[in-house]
Asks: 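This structure is in structure tokens; I'll ask about it shortly.
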Amino acid sequence: MTVELVCGGCQCGRVRYSVRVDSFDAYLCHCRMCQRATGGVSIAFTNVKQADVSWSHEPDWFRSSPIAERPFCASCGTPLGFRYREGSDKMDLTVGSFDDPARFVPKSHFGTESLHDAWLDTRDLPRQRSDEYPALVERWTKAKRGG
Ligand SMILES: [Zn+2]
Ligand SMILES: [Zn+2]
């Protein structure tokens with residue numbers, strides 16, 4: 001593919017970025033550091049050149065270890081990525097923070113020493129859409145009415 005400009009940001013909208021990508025390849029990191037940093041059983045990342053990322057509002061940075069730091073939004077808490085503190089011109093961005101995460105395709109697993117096998121293939125579990133869950137729909141309806 002050719003180079004494309006794609007955008008993303010945090011949940012509250014304070015931190016926004018655009019990044020030039022030449023691939024929609026992504027991977028899941030299962031390492032304990034990522035599990036702790038995101039609260040998830042794994043985190044989907046795509047690897048980009050730092051120089052290709054443009055922040056419309058600088059993220060906050062958490063030094064998660066002596067070798068790494070992670071951009072996030074201090075207002076809403078959204079984890080936005082990962083980078084080594086030195087020695088690399090690349091960084092990761094969280095797939096879920098992109099405006100259109102569906103474009104990314106998982107290509108590999110990393111940090112598999114702490115991979116939770118039970119969460120890996122969940123395709124046969126029962127499924128329910130959030131807009132078909134009456135209790136949630138009712139809450140949204142009330143919220144939109146302002147009551
Ligand atoms: Zn935010
Ligand atoms: Zn990790």
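Throughout, numbering of the chain's residues begins at 1 and tracks the sequence. Quantities reported herein were computed from a predicted structural model and do not represent experimental measurements. Both ligands and their constituent atoms are indexed starting at 1 by order of listing.
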Asks: According to a hydrophobic-cluster definition based on side-chain heavy atoms being under 4.5 Å apart (Ile, Leu, Val, Met, Phe, Trp, Tyr only), do Tyr84 and Val19 belong together?
Replies: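 Cluster IDs for Tyr84 and Val19 differ.
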Asks: Taking the Zn ion (ligand 2) as the vertex, what is the angle from SG of Cys31 to SG of Cys34, given to 10 degrees?
Replies: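 About 110°, to the nearest ten degrees.
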Asks: Is Asp92 salt-bridged to Arg70, cutoff N-O under 4.0 Å?
Replies: no
Asks: To 10°, measure the SG(Cys73)-the Zn ion (ligand 1)-SG(Cys10) angle for me.
Replies: 110°
Asks: Is the terminal nitrogen or CZ of Arg83 (NZ for Lys, CZ for Arg) located under 6.0 angstrom from the six-membered ring centre of Trp61 and within 45° of that ring's axis?
Replies: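 Satisfied, under 6.0 Å and within 45°.
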Asks: Taking both backbone and side chain into account, is any N, O or S atom of Cys29 nearer than 2.8 Å to the Zn ion (ligand 2)?
Replies: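 Given the 2.8 Å cut-off, Cys29 counts as a ligand of the Zn ion (ligand 2).
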Asks: Please confirm whether the ring centroid of Tyr27 lies under 6.0 Å from the ring centroid of Phe104.
Replies: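 Between Tyr27 and Phe104, the centre distance exceeds or equals 6.0 Å.
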